[in-house]
S.K.: 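What follows is a structure written as C-alpha coordinates; I'll ask about it next.
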Amino acid sequence: MIPIKPERTSSIQTTPARVVETYLKPGILNLSALPPLSLYIHFPWCVRKCPYCDFNSHEASGTLPEQAYLDAVRADLEQALPLIWGRKIYTIFIGGGTPSLLSASGLDRLLSDVRTLLPIDGAAEITMEANPGTFEAEKFKSFAASGINRLSVGIQSFNPQHLKALGRIHDGDEARRAVDIAQSSFANFNLDLMYALPNQSIEEARQDITTALSFAPPHLSLYHLTLEPNTVFAKYPPTVPDDDSSAAMQDMLGELTASAGYQHYEVSAFAKAGRQARHNRNYWEFGDYLGIGAGAHSKLSFPHRVVRQARYKQPTAYMQQAMLGNAIVEEAEIERAELGFEFMLNALRLTEGFDVRLFTERSGLGINVIEQALNQAEAKGLLYRDFKVIRPTALGQRFLNDLQQIFLPD
(Lines give C-alpha, C1' and ligand atoms only; values in the text may rest on other atoms or scores of the structure.)
Protein backbone atom coordinates (compact mmCIF):
# COMPACT_ATOMS: atom_id res chain seq x y z
CA MET A 1 0.00 0.00 0.00
CA ILE A 2 1.03 3.62 -0.59
CA PRO A 3 1.15 5.62 2.67
CA ILE A 4 -0.87 8.84 2.65
CA LYS A 5 0.23 11.60 4.98
CA PRO A 6 -1.88 14.74 4.78
CA GLU A 7 -0.04 17.77 6.12
CA ARG A 8 -0.49 18.34 9.83
CA THR A 9 -0.11 21.37 12.04
CA SER A 10 1.30 20.39 15.43
CA SER A 11 -0.76 17.34 16.51
CA ILE A 12 -3.95 18.66 14.95
CA GLN A 13 -4.97 17.60 11.47
CA THR A 14 -4.92 20.40 8.92
CA THR A 15 -8.07 22.01 7.48
CA PRO A 16 -10.74 19.71 5.97
CA ALA A 17 -10.30 21.33 2.56
CA ARG A 18 -6.61 20.42 2.46
CA VAL A 19 -7.33 16.88 3.64
CA VAL A 20 -9.98 16.31 0.98
CA GLU A 21 -7.65 17.75 -1.65
CA THR A 22 -5.24 14.91 -0.87
CA TYR A 23 -7.86 12.33 -1.83
CA LEU A 24 -9.50 14.08 -4.77
CA LYS A 25 -6.36 14.80 -6.77
CA PRO A 26 -5.76 12.64 -9.91
CA GLY A 27 -4.70 9.07 -9.15
CA ILE A 28 -4.40 5.50 -10.34
CA LEU A 29 -8.13 4.73 -10.80
CA ASN A 30 -11.22 6.10 -12.47
CA LEU A 31 -14.27 4.89 -10.54
CA SER A 32 -17.53 5.60 -12.36
CA ALA A 33 -19.49 5.68 -9.09
CA LEU A 34 -18.80 5.31 -5.38
CA PRO A 35 -20.06 2.15 -3.62
CA PRO A 36 -22.60 2.10 -0.77
CA LEU A 37 -21.26 3.45 2.53
CA SER A 38 -21.61 1.82 5.94
CA LEU A 39 -20.64 3.05 9.40
CA TYR A 40 -18.84 0.86 11.94
CA ILE A 41 -18.50 2.05 15.55
CA HIS A 42 -16.17 0.16 17.90
CA PHE A 43 -16.71 -0.16 21.65
CA PRO A 44 -13.46 -1.59 23.04
CA TRP A 45 -14.35 -2.89 26.49
CA CYS A 46 -15.66 -6.25 27.68
CA VAL A 47 -16.19 -7.88 31.05
CA ARG A 48 -13.47 -10.44 30.43
CA LYS A 49 -11.14 -11.14 27.51
CA CYS A 50 -11.89 -14.54 26.00
CA PRO A 51 -8.85 -16.79 25.36
CA TYR A 52 -9.68 -17.20 21.64
CA CYS A 53 -10.35 -13.50 20.94
CA ASP A 54 -7.98 -11.47 18.76
CA PHE A 55 -10.28 -8.46 18.42
CA ASN A 56 -9.39 -5.08 19.90
CA SER A 57 -11.07 -5.67 23.25
CA HIS A 58 -9.91 -4.74 26.74
CA GLU A 59 -11.14 -5.97 30.11
CA ALA A 60 -13.10 -3.29 31.92
CA SER A 61 -11.72 -2.38 35.32
CA GLY A 62 -13.74 -0.06 37.49
CA THR A 63 -16.14 2.48 36.04
CA LEU A 64 -16.07 2.75 32.26
CA PRO A 65 -15.22 6.24 30.93
CA GLU A 66 -18.43 6.16 28.90
CA GLN A 67 -18.95 9.89 28.45
CA ALA A 68 -15.29 10.56 27.64
CA TYR A 69 -15.35 7.79 25.07
CA LEU A 70 -18.55 9.07 23.48
CA ASP A 71 -17.00 12.56 23.34
CA ALA A 72 -14.02 11.06 21.49
CA VAL A 73 -16.23 9.12 19.08
CA ARG A 74 -18.14 12.28 18.20
CA ALA A 75 -14.91 14.22 17.69
CA ASP A 76 -13.55 11.39 15.52
CA LEU A 77 -16.71 11.37 13.41
CA GLU A 78 -16.67 15.15 13.00
CA GLN A 79 -13.07 14.99 11.75
CA ALA A 80 -14.03 12.30 9.21
CA LEU A 81 -16.99 14.17 7.74
CA PRO A 82 -15.07 15.93 4.92
CA LEU A 83 -14.11 12.51 3.52
CA ILE A 84 -17.73 11.44 3.08
CA TRP A 85 -19.58 14.70 2.30
CA GLY A 86 -22.86 14.06 0.53
CA ARG A 87 -22.80 10.29 1.03
CA LYS A 88 -25.68 8.51 2.76
CA ILE A 89 -25.16 5.80 5.40
CA TYR A 90 -27.04 2.59 4.59
CA THR A 91 -26.02 0.37 7.51
CA ILE A 92 -24.57 0.92 10.97
CA PHE A 93 -22.84 -1.72 13.08
CA ILE A 94 -21.84 -1.17 16.72
CA GLY A 95 -19.29 -3.85 17.59
CA GLY A 96 -16.65 -4.64 20.16
CA GLY A 97 -15.75 -5.65 22.77
CA THR A 98 -19.19 -5.73 24.30
CA PRO A 99 -21.26 -2.70 23.21
CA SER A 100 -24.15 -3.89 25.35
CA LEU A 101 -22.12 -2.64 28.35
CA LEU A 102 -23.18 0.85 27.25
CA SER A 103 -25.87 2.43 29.37
CA ALA A 104 -29.25 3.05 27.76
CA SER A 105 -28.61 6.79 27.89
CA GLY A 106 -25.11 6.31 26.43
CA LEU A 107 -26.40 4.36 23.45
CA ASP A 108 -29.15 6.93 22.92
CA ARG A 109 -26.58 9.72 22.92
CA LEU A 110 -24.33 7.81 20.48
CA LEU A 111 -27.11 7.32 17.93
CA SER A 112 -28.31 10.88 18.41
CA ASP A 113 -24.80 12.15 17.60
CA VAL A 114 -24.66 9.96 14.51
CA ARG A 115 -28.04 11.20 13.27
CA THR A 116 -27.03 14.81 13.90
CA LEU A 117 -23.84 14.50 11.86
CA LEU A 118 -24.72 12.05 9.09
CA PRO A 119 -27.52 11.49 6.56
CA ILE A 120 -28.94 8.07 7.46
CA ASP A 121 -31.06 6.10 5.00
CA GLY A 122 -34.64 5.73 6.23
CA ALA A 123 -34.43 1.95 5.93
CA ALA A 124 -30.95 1.66 7.45
CA GLU A 125 -30.03 -1.60 9.17
CA ILE A 126 -28.64 -0.64 12.61
CA THR A 127 -27.00 -3.58 14.39
CA MET A 128 -25.56 -3.86 17.87
CA GLU A 129 -23.51 -6.73 19.25
CA ALA A 130 -24.51 -8.06 22.66
CA ASN A 131 -23.24 -10.82 24.90
CA PRO A 132 -25.30 -12.92 27.33
CA GLY A 133 -24.38 -11.92 30.85
CA THR A 134 -24.97 -8.26 29.98
CA PHE A 135 -28.65 -8.69 29.09
CA GLU A 136 -31.23 -6.63 30.95
CA ALA A 137 -34.71 -6.73 29.44
CA GLU A 138 -35.57 -3.09 30.12
CA LYS A 139 -32.22 -1.81 28.86
CA PHE A 140 -32.63 -3.70 25.61
CA LYS A 141 -36.10 -2.25 25.15
CA SER A 142 -34.43 1.15 25.49
CA PHE A 143 -31.81 0.15 22.90
CA ALA A 144 -34.61 -0.69 20.48
CA ALA A 145 -36.39 2.57 21.22
CA SER A 146 -33.16 4.46 20.48
CA GLY A 147 -33.03 2.99 16.98
CA ILE A 148 -31.26 -0.38 17.15
CA ASN A 149 -33.27 -2.63 14.80
CA ARG A 150 -31.01 -5.68 14.67
CA LEU A 151 -29.23 -7.46 17.51
CA SER A 152 -26.27 -9.83 17.12
CA VAL A 153 -26.04 -12.11 20.15
CA GLY A 154 -22.72 -13.79 20.95
CA ILE A 155 -24.02 -17.13 22.20
CA GLN A 156 -21.03 -19.27 20.98
CA SER A 157 -22.49 -22.38 22.66
CA PHE A 158 -25.36 -23.49 24.87
CA ASN A 159 -23.16 -26.13 26.55
CA PRO A 160 -21.87 -24.95 29.97
CA GLN A 161 -18.64 -26.97 29.71
CA HIS A 162 -17.79 -25.48 26.34
CA LEU A 163 -18.72 -21.97 27.48
CA LYS A 164 -16.33 -22.39 30.40
CA ALA A 165 -13.57 -23.60 28.08
CA LEU A 166 -14.14 -20.54 25.89
CA GLY A 167 -13.89 -18.21 28.87
CA ARG A 168 -17.42 -16.88 28.42
CA ILE A 169 -19.08 -15.13 31.36
CA HIS A 170 -22.50 -16.73 30.77
CA ASP A 171 -23.85 -20.26 31.13
CA GLY A 172 -26.37 -22.18 29.05
CA ASP A 173 -29.40 -20.85 30.92
CA GLU A 174 -28.23 -17.26 30.49
CA ALA A 175 -27.70 -17.93 26.80
CA ARG A 176 -31.31 -19.10 26.41
CA ARG A 177 -32.60 -16.15 28.44
CA ALA A 178 -30.62 -13.77 26.20
CA VAL A 179 -32.27 -15.20 23.09
CA ASP A 180 -35.70 -14.84 24.72
CA ILE A 181 -34.98 -11.16 25.43
CA ALA A 182 -33.69 -10.63 21.89
CA GLN A 183 -36.87 -12.16 20.46
CA SER A 184 -39.10 -10.01 22.65
CA SER A 185 -37.47 -6.69 21.65
CA PHE A 186 -36.15 -7.19 18.12
CA ALA A 187 -37.84 -8.58 15.02
CA ASN A 188 -34.43 -9.03 13.40
CA PHE A 189 -31.56 -10.67 15.24
CA ASN A 190 -28.54 -12.90 14.71
CA LEU A 191 -27.10 -15.68 16.84
CA ASP A 192 -23.35 -16.27 16.82
CA LEU A 193 -22.26 -19.87 17.45
CA MET A 194 -18.89 -21.59 17.22
CA TYR A 195 -18.03 -25.20 16.48
CA ALA A 196 -14.92 -27.40 16.61
CA LEU A 197 -14.61 -26.30 20.23
CA PRO A 198 -12.18 -27.85 22.73
CA ASN A 199 -13.11 -31.53 23.18
CA GLN A 200 -16.43 -31.01 21.38
CA SER A 201 -18.08 -34.07 19.85
CA ILE A 202 -20.16 -34.04 16.68
CA GLU A 203 -23.25 -34.80 18.75
CA GLU A 204 -22.56 -31.84 21.05
CA ALA A 205 -22.19 -29.58 18.00
CA ARG A 206 -25.51 -30.96 16.75
CA GLN A 207 -27.19 -30.14 20.08
CA ASP A 208 -25.92 -26.55 19.92
CA ILE A 209 -27.25 -25.90 16.42
CA THR A 210 -30.52 -27.72 17.16
CA THR A 211 -31.04 -25.51 20.20
CA ALA A 212 -30.28 -22.40 18.17
CA LEU A 213 -32.68 -23.43 15.41
CA SER A 214 -35.46 -24.02 17.95
CA PHE A 215 -35.57 -20.24 18.45
CA ALA A 216 -36.00 -19.69 14.67
CA PRO A 217 -33.52 -16.79 14.51
CA PRO A 218 -33.68 -14.75 11.27
CA HIS A 219 -29.90 -15.11 10.89
CA LEU A 220 -27.15 -17.45 12.11
CA SER A 221 -23.39 -16.96 12.09
CA LEU A 222 -21.56 -20.27 12.55
CA TYR A 223 -17.81 -19.95 13.04
CA HIS A 224 -15.12 -22.61 13.14
CA LEU A 225 -12.92 -21.98 16.18
CA THR A 226 -9.47 -20.91 15.03
CA LEU A 227 -6.43 -20.49 17.26
CA GLU A 228 -5.45 -16.96 16.31
CA PRO A 229 -1.95 -15.54 16.94
CA ASN A 230 -1.48 -13.39 20.04
CA THR A 231 -4.29 -15.07 21.98
CA VAL A 232 -4.22 -17.26 25.09
CA PHE A 233 -5.30 -20.23 22.98
CA ALA A 234 -2.33 -19.67 20.66
CA LYS A 235 0.04 -19.75 23.63
CA TYR A 236 -1.71 -22.64 25.39
CA PRO A 237 -3.49 -24.59 22.63
CA PRO A 238 -6.50 -26.63 23.78
CA THR A 239 -7.35 -30.05 22.37
CA VAL A 240 -9.71 -29.45 19.46
CA PRO A 241 -11.43 -31.82 16.99
CA ASP A 242 -9.25 -33.07 14.13
CA ASP A 243 -9.80 -31.99 10.53
CA ASP A 244 -12.07 -34.92 9.69
CA SER A 245 -14.31 -34.28 12.71
CA SER A 246 -14.41 -30.54 11.96
CA ALA A 247 -15.38 -31.24 8.35
CA ALA A 248 -18.12 -33.60 9.53
CA MET A 249 -19.44 -30.89 11.85
CA GLN A 250 -19.42 -28.39 9.01
CA ASP A 251 -21.37 -30.75 6.75
CA MET A 252 -23.86 -31.50 9.53
CA LEU A 253 -24.42 -27.79 10.22
CA GLY A 254 -25.03 -27.17 6.52
CA GLU A 255 -27.61 -29.96 6.30
CA LEU A 256 -29.51 -28.89 9.43
CA THR A 257 -29.68 -25.22 8.47
CA ALA A 258 -30.75 -26.02 4.91
CA SER A 259 -33.54 -28.30 6.12
CA ALA A 260 -34.69 -25.49 8.44
CA GLY A 261 -35.00 -23.08 5.52
CA TYR A 262 -31.76 -21.11 5.84
CA GLN A 263 -29.70 -20.01 2.86
CA HIS A 264 -25.95 -20.50 3.28
CA TYR A 265 -25.02 -17.28 1.50
CA GLU A 266 -21.52 -16.64 2.89
CA VAL A 267 -18.80 -18.82 4.40
CA SER A 268 -20.09 -18.48 7.97
CA ALA A 269 -23.50 -16.87 7.41
CA PHE A 270 -26.96 -18.45 7.12
CA ALA A 271 -30.17 -16.47 6.72
CA LYS A 272 -33.90 -16.77 6.33
CA ALA A 273 -35.31 -15.16 3.18
CA GLY A 274 -34.80 -11.40 3.25
CA ARG A 275 -32.66 -11.50 6.40
CA GLN A 276 -29.10 -11.48 5.08
CA ALA A 277 -26.78 -9.18 7.05
CA ARG A 278 -26.73 -6.05 4.90
CA HIS A 279 -23.80 -4.52 6.75
CA ASN A 280 -21.58 -7.57 6.40
CA ARG A 281 -22.68 -8.09 2.83
CA ASN A 282 -21.42 -4.60 2.03
CA TYR A 283 -17.97 -5.71 3.26
CA TRP A 284 -18.02 -8.81 1.08
CA GLU A 285 -19.09 -6.84 -2.00
CA PHE A 286 -16.16 -4.46 -1.49
CA GLY A 287 -18.39 -1.62 -0.40
CA ASP A 288 -17.14 1.32 1.65
CA TYR A 289 -17.18 1.66 5.42
CA LEU A 290 -16.14 4.40 7.80
CA GLY A 291 -14.75 2.93 11.02
CA ILE A 292 -14.99 5.09 14.14
CA GLY A 293 -13.72 4.20 17.60
CA ALA A 294 -10.62 2.60 19.12
CA GLY A 295 -8.85 0.36 16.61
CA ALA A 296 -11.58 0.76 13.98
CA HIS A 297 -10.66 0.36 10.30
CA SER A 298 -12.06 2.23 7.29
CA LYS A 299 -12.13 1.53 3.56
CA LEU A 300 -13.14 4.61 1.59
CA SER A 301 -13.37 5.10 -2.17
CA PHE A 302 -12.75 8.31 -4.07
CA PRO A 303 -12.95 8.90 -7.83
CA HIS A 304 -9.26 8.07 -8.34
CA ARG A 305 -8.20 5.94 -5.36
CA VAL A 306 -9.27 3.58 -2.58
CA VAL A 307 -7.93 4.33 0.89
CA ARG A 308 -7.65 2.31 4.12
CA GLN A 309 -7.37 3.85 7.58
CA ALA A 310 -6.85 2.55 11.12
CA ARG A 311 -7.52 4.34 14.42
CA TYR A 312 -5.41 4.14 17.58
CA LYS A 313 -6.10 0.81 19.28
CA GLN A 314 -5.59 1.54 22.98
CA PRO A 315 -8.72 3.25 24.34
CA THR A 316 -6.81 5.87 26.34
CA ALA A 317 -4.57 6.80 23.41
CA TYR A 318 -7.57 6.84 21.09
CA MET A 319 -9.55 9.17 23.33
CA GLN A 320 -6.63 11.54 23.72
CA GLN A 321 -5.79 11.64 20.02
CA ALA A 322 -9.40 11.89 18.86
CA MET A 323 -9.93 14.97 21.01
CA LEU A 324 -6.82 16.46 19.37
CA GLY A 325 -8.26 15.79 15.93
CA ASN A 326 -5.76 13.03 15.21
CA ALA A 327 -7.50 9.65 15.74
CA ILE A 328 -5.95 8.00 12.64
CA VAL A 329 -2.69 6.15 13.26
CA GLU A 330 -2.32 4.49 9.83
CA GLU A 331 -3.48 5.62 6.41
CA ALA A 332 -2.65 4.18 2.99
CA GLU A 333 -3.87 4.04 -0.58
CA ILE A 334 -4.43 0.54 -1.95
CA GLU A 335 -2.01 0.03 -4.81
CA ARG A 336 -3.41 -0.84 -8.23
CA ALA A 337 -1.66 -4.23 -8.19
CA GLU A 338 -3.38 -5.14 -4.89
CA LEU A 339 -6.93 -4.17 -5.76
CA GLY A 340 -7.81 -7.39 -7.60
CA PHE A 341 -6.76 -9.49 -4.63
CA GLU A 342 -8.48 -7.18 -2.13
CA PHE A 343 -11.76 -7.48 -4.06
CA MET A 344 -11.57 -11.26 -4.51
CA LEU A 345 -10.54 -11.82 -0.89
CA ASN A 346 -13.95 -10.49 0.10
CA ALA A 347 -16.25 -11.40 -2.80
CA LEU A 348 -15.21 -15.06 -2.94
CA ARG A 349 -16.73 -15.52 0.52
CA LEU A 350 -20.18 -15.24 -1.09
CA THR A 351 -21.39 -18.72 -1.97
CA GLU A 352 -23.52 -17.52 -4.90
CA GLY A 353 -20.62 -15.38 -6.16
CA PHE A 354 -20.89 -11.93 -7.71
CA ASP A 355 -21.86 -10.20 -10.92
CA VAL A 356 -18.82 -9.82 -13.18
CA ARG A 357 -19.58 -6.11 -13.57
CA LEU A 358 -19.20 -5.57 -9.83
CA PHE A 359 -15.44 -6.12 -10.08
CA THR A 360 -14.99 -3.11 -12.35
CA GLU A 361 -17.53 -0.98 -10.47
CA ARG A 362 -15.79 -1.44 -7.11
CA SER A 363 -12.11 -1.70 -8.18
CA GLY A 364 -12.00 0.60 -11.20
CA LEU A 365 -10.14 -2.15 -13.08
CA GLY A 366 -11.07 -4.33 -16.04
CA ILE A 367 -11.71 -8.00 -15.31
CA ASN A 368 -8.78 -8.82 -17.60
CA VAL A 369 -6.31 -7.84 -14.87
CA ILE A 370 -7.17 -11.06 -13.00
CA GLU A 371 -7.73 -13.20 -16.10
CA GLN A 372 -4.70 -15.41 -15.51
CA ALA A 373 -5.71 -16.09 -11.91
CA LEU A 374 -9.30 -16.80 -12.96
CA ASN A 375 -8.09 -19.34 -15.51
CA GLN A 376 -5.88 -21.02 -12.93
CA ALA A 377 -8.65 -21.23 -10.33
CA GLU A 378 -11.10 -22.56 -12.93
CA ALA A 379 -8.62 -25.20 -14.10
CA LYS A 380 -8.25 -26.42 -10.51
CA GLY A 381 -12.02 -26.79 -10.15
CA LEU A 382 -12.17 -24.10 -7.46
CA LEU A 383 -14.10 -21.52 -9.47
CA TYR A 384 -17.07 -21.32 -11.83
CA ARG A 385 -17.55 -18.38 -14.19
CA ASP A 386 -19.55 -17.32 -17.18
CA PHE A 387 -20.31 -13.94 -18.73
CA LYS A 388 -22.57 -12.94 -15.82
CA VAL A 389 -21.25 -14.49 -12.61
CA ILE A 390 -18.08 -15.61 -10.87
CA ARG A 391 -18.46 -17.90 -7.87
CA PRO A 392 -16.54 -20.50 -5.91
CA THR A 393 -17.44 -24.13 -6.57
CA ALA A 394 -18.24 -26.45 -3.66
CA LEU A 395 -14.56 -27.43 -3.73
CA GLY A 396 -13.57 -23.77 -3.77
CA GLN A 397 -15.75 -23.09 -0.76
CA ARG A 398 -14.09 -25.95 1.14
CA PHE A 399 -10.60 -24.73 0.22
CA LEU A 400 -11.34 -21.01 0.22
CA ASN A 401 -7.90 -19.92 1.45
CA ASP A 402 -6.23 -21.74 -1.44
CA LEU A 403 -8.65 -20.12 -3.88
CA GLN A 404 -8.10 -16.62 -2.50
CA GLN A 405 -4.33 -16.96 -2.57
CA ILE A 406 -4.38 -17.56 -6.32
CA PHE A 407 -5.29 -13.87 -6.70
CA LEU A 408 -2.32 -12.58 -4.67
CA PRO A 409 -0.24 -10.16 -6.77
CA ASP A 410 3.19 -11.40 -7.90
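Sequential numbering from 1 along the given sequence is applied to the chain's residues.
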S.K.: I'd like to know whether the aromatic ring centres of His219 and Tyr265 sit less than 6.0 Å apart in this structure.
M.R.: yes
S.K.: Do other residues, nucleotides or ligands put more than 12 heavy atoms under 6.0 Å from Lys139 NZ?
M.R.: yes
S.K.: Checking Lys313 against Tyr318: charged group under 6.0 Å from the ring centre and within 45 degrees of the axis?
M.R.: no
S.K.: Please give me the minimum heavy-atom distance between Ala294 and Pro315, naming the atom from each residue.
M.R.: CB-CA, 4.3 Å
S.K.: Do Ser152 and Phe189 have side chains that get closer than 4.5 Å, going by heavy atoms?
M.R.: no
S.K.: Taking atom OG of Ser363 and atom CG of Leu31, what is their separation to the nearest 0.5 Å?
M.R.: 7.5 Å
S.K.: Taking it one step at a time, do Thr257 and Leu222 satisfy side chain to side chain contact (heavy atoms under 4.5 Å, CB included)?
M.R.: CA-CA 10 Å; Thr257 51; Leu222 305 178; 4.1 Å; yes
S.K.: Let's go through Leu225 and Val240 carefully: what are the C-alpha distance in whole Å and the side-chain angles of both, what is the deciding distance for side chain to side chain contact (heavy atoms under 4.5 Å, CB included) to 0.1 Å, and is it a yes or a no?
M.R.: CA-CA 9 Å; Leu225 173 65; Val240 295; 4.3 Å; yes
S.K.: For Arg305 and Tyr23, which heavy atoms make the closest approach, and how far apart are they?
M.R.: NH1-O, 2.9 Å
S.K.: The criterion is ring-ring contact (aromatic ring centres under 6.0 Å, His included); which residues satisfy it with Tyr312, sequence neighbours excluded?
M.R.: none
S.K.: Without swapping roles, check the side chain of Thr211 against the backbone of Gln207 for a donor-acceptor pair under 3.5 Å.
M.R.: yes
S.K.: Quick test of your reading: applying salt bridge (Lys or Arg N to Asp or Glu O under 4.0 Å), list the pairs with at least one residue in residues 347-369, sequence neighbours left out, ordered by first then second residue.
M.R.: Glu266-Arg349, Arg281-Glu352, Asp355-Arg357
S.K.: CG of Asp288 to CZ of Phe286: how many Å apart, nearest 0.5 Å?
M.R.: 8.5 Å
S.K.: Side chains of Thr98 and Ser100: donor-acceptor distance under 3.5 Å anywhere?
M.R.: no
S.K.: Can you spot which of Leu163, Ile209, Leu193 makes a side chain to side chain contact (heavy atoms under 4.5 Å, CB included) with Phe158?
M.R.: Leu193
S.K.: By the salt bridge (Lys or Arg N to Asp or Glu O under 4.0 Å) test, which pairs, at least two apart or in different chains, include something from residues 94-115?
M.R.: Asp71-Arg109, Arg74-Asp113, Arg109-Asp113
S.K.: Kindly state each residue pair satisfying salt bridge (Lys or Arg N to Asp or Glu O under 4.0 Å) with at least one member in residues 390-399, sequence neighbours excluded.
M.R.: Asp251-Arg398
S.K.: Looking just at side-chain N and O atoms, do Asp386 and Tyr384 make a donor-acceptor pair shorter than 3.5 Å?
M.R.: yes
S.K.: Please give me the minimum heavy-atom distance between Ala296 and Gly291, naming the atom from each residue.
M.R.: CB-C, 3.4 Å
S.K.: Could you give the distance from OG1 (Thr22) to CD (Glu333), rounded to the nearest 0.5 Å?
M.R.: 11.0 Å
S.K.: Regarding Asp192 and Asn190, do their side chains bring together a donor and an acceptor under 3.5 Å, going by distance alone?
M.R.: yes
S.K.: For the aromatic rings, using the six-membered ring if either is Trp, is the centroid distance between Tyr40 and Tyr289 under 6.0 Å?
M.R.: no
S.K.: When rounded to the nearest 0.5 angstrom, what distance separates CE in Met128 from CZ in Arg150?
M.R.: 14.0 Å
S.K.: Are the side chains of Arg206 and Leu253 in touch, meaning some heavy atoms are under 4.5 Å apart?
M.R.: no
S.K.: Are more than 12 heavy atoms from other residues, nucleotides or ligands located less than 6.0 Å from atom NZ of Lys272?
M.R.: yes
S.K.: Any non-hydrogen side-chain atom of Cys53 less than 4.5 Å from a side-chain atom of Phe233?
M.R.: no
S.K.: For Leu101 and Phe43, which heavy atoms make the closest approach, and how far apart are they?
M.R.: CB-CE2, 4.0 Å
S.K.: How about Gln309 and Arg311: does a side-chain donor come under 3.5 Å of a side-chain acceptor?
M.R.: yes
S.K.: Name all residues meeting the salt bridge (Lys or Arg N to Asp or Glu O under 4.0 Å) criterion together with Lys141; count only those two or more places apart in sequence or in a different chain, and write none if there are none.
M.R.: Glu138
S.K.: Compute whether any side-chain donor of one residue and acceptor of the other, for Gln161 and Glu204, lie under 3.5 angstrom apart.
M.R.: no
S.K.: Indicate, with yes or no, if the rings of Phe341 and Phe407 have centres closer together than 6.0 Å.
M.R.: no
S.K.: Taking the ring of Phe354 and the ring of Trp284, is the distance between their centroids below 6.0 Å?
M.R.: no
S.K.: Could you check Glu378 against Arg385 for salt bridge (Lys or Arg N to Asp or Glu O under 4.0 Å), going step by step and ending with a plain yes or no?
M.R.: CA-CA 8 Å; Glu378 192 174 15; Arg385 63 171 171 152; 3.1 Å; yes
S.K.: Without hydrogens or angle criteria, can the side chains of Asn131 and Arg168 be said to hold a donor-acceptor pair below 3.5 Å?
M.R.: yes
S.K.: To check you understand the geometry: which heavy-atom pair defines the closest contact between Ala75 and Ala322, and what is its length?
M.R.: CB-O, 3.7 Å
S.K.: Ignoring hydrogens and geometry, is there a side-chain-to-backbone donor-acceptor pair from Asn346 to Glu342 under 3.5 Å?
M.R.: yes
S.K.: Can you confirm whether more than 12 heavy atoms, excluding those of Asn368, are under 6.0 Å from its CG atom?
M.R.: yes
S.K.: Run the salt bridge (Lys or Arg N to Asp or Glu O under 4.0 Å) test on Glu174 and Arg177 for me, step by step, so that the C-alpha distance in whole Å, both residues' side-chain angles and the decisive distance to 0.1 Å come before the verdict.
M.R.: CA-CA 5 Å; Glu174 287 175 312; Arg177 177 176 173 271; over 6 Å; no
S.K.: Salt bridge (Lys or Arg N to Asp or Glu O under 4.0 Å) with Glu228: which residues, sequence neighbours excluded?
M.R.: none
S.K.: Quick one: CG on Leu81 to CZ on Arg87, what's the gap to the nearest 0.5 Å?
M.R.: 13.0 Å
S.K.: Under a 4.0 Å threshold between the charged nitrogen and the carboxylate oxygen, would Lys164 count as salt-bridged to Asp171?
M.R.: no
S.K.: Tell me if the aromatic rings of Phe140 and Phe143 count as close, with their centers under 6.0 Å from one another.
M.R.: yes
S.K.: Does a donor on one side chain and an acceptor on the other come within less than 3.5 Å for His264 and Tyr262?
M.R.: no
S.K.: Rounded to the nearest 0.5 Å, what's the gap from CD on Gln321 to CG on Asp76? Could you check?
M.R.: 11.0 Å
S.K.: Do Val307 and Ile334 have side chains that get closer than 4.5 Å, going by heavy atoms?
M.R.: no
S.K.: Any heavy-atom pair between the side chains of Pro35 and Ser301 that's under 4.5 Å?
M.R.: yes
S.K.: Can you confirm whether Leu29 sits close enough to Leu365 that some side-chain heavy atom of one is under 4.5 Å from a side-chain heavy atom of the other?
M.R.: yes
S.K.: More than 12 non-hydrogen atoms from neighbouring residues, nucleotides or ligands closer than 6.0 Å to CG on Asp243, yes or no?
M.R.: no
S.K.: Tell me if a side-chain donor or acceptor on Arg48 pairs with a main-chain N or O of Glu59 at a distance below 3.5 Å.
M.R.: no
S.K.: Between Leu383 and Ile406, does the side chain to side chain contact (heavy atoms under 4.5 Å, CB included) criterion hold? Intermediate values first, please.
M.R.: CA-CA 11 Å; Leu383 192 77; Ile406 292 173; over 6 Å; no
S.K.: Of Ile126, Ile120, Leu290, which is the lone residue that meets side chain to side chain contact (heavy atoms under 4.5 Å, CB included) with Ile89?
M.R.: Ile120
S.K.: Can you name the closest pair of heavy atoms from Asn188 and Pro218 and give their distance?
M.R.: OD1-CB, 3.6 Å
S.K.: Using distance alone, with no hydrogens and no angle criterion, decide if Ser157 and Asp208 have a side-chain donor and acceptor under 3.5 Å apart.
M.R.: yes
S.K.: Are Arg308 and Glu338 within salt-bridge range, i.e. N to O under 4.0 Å?
M.R.: no
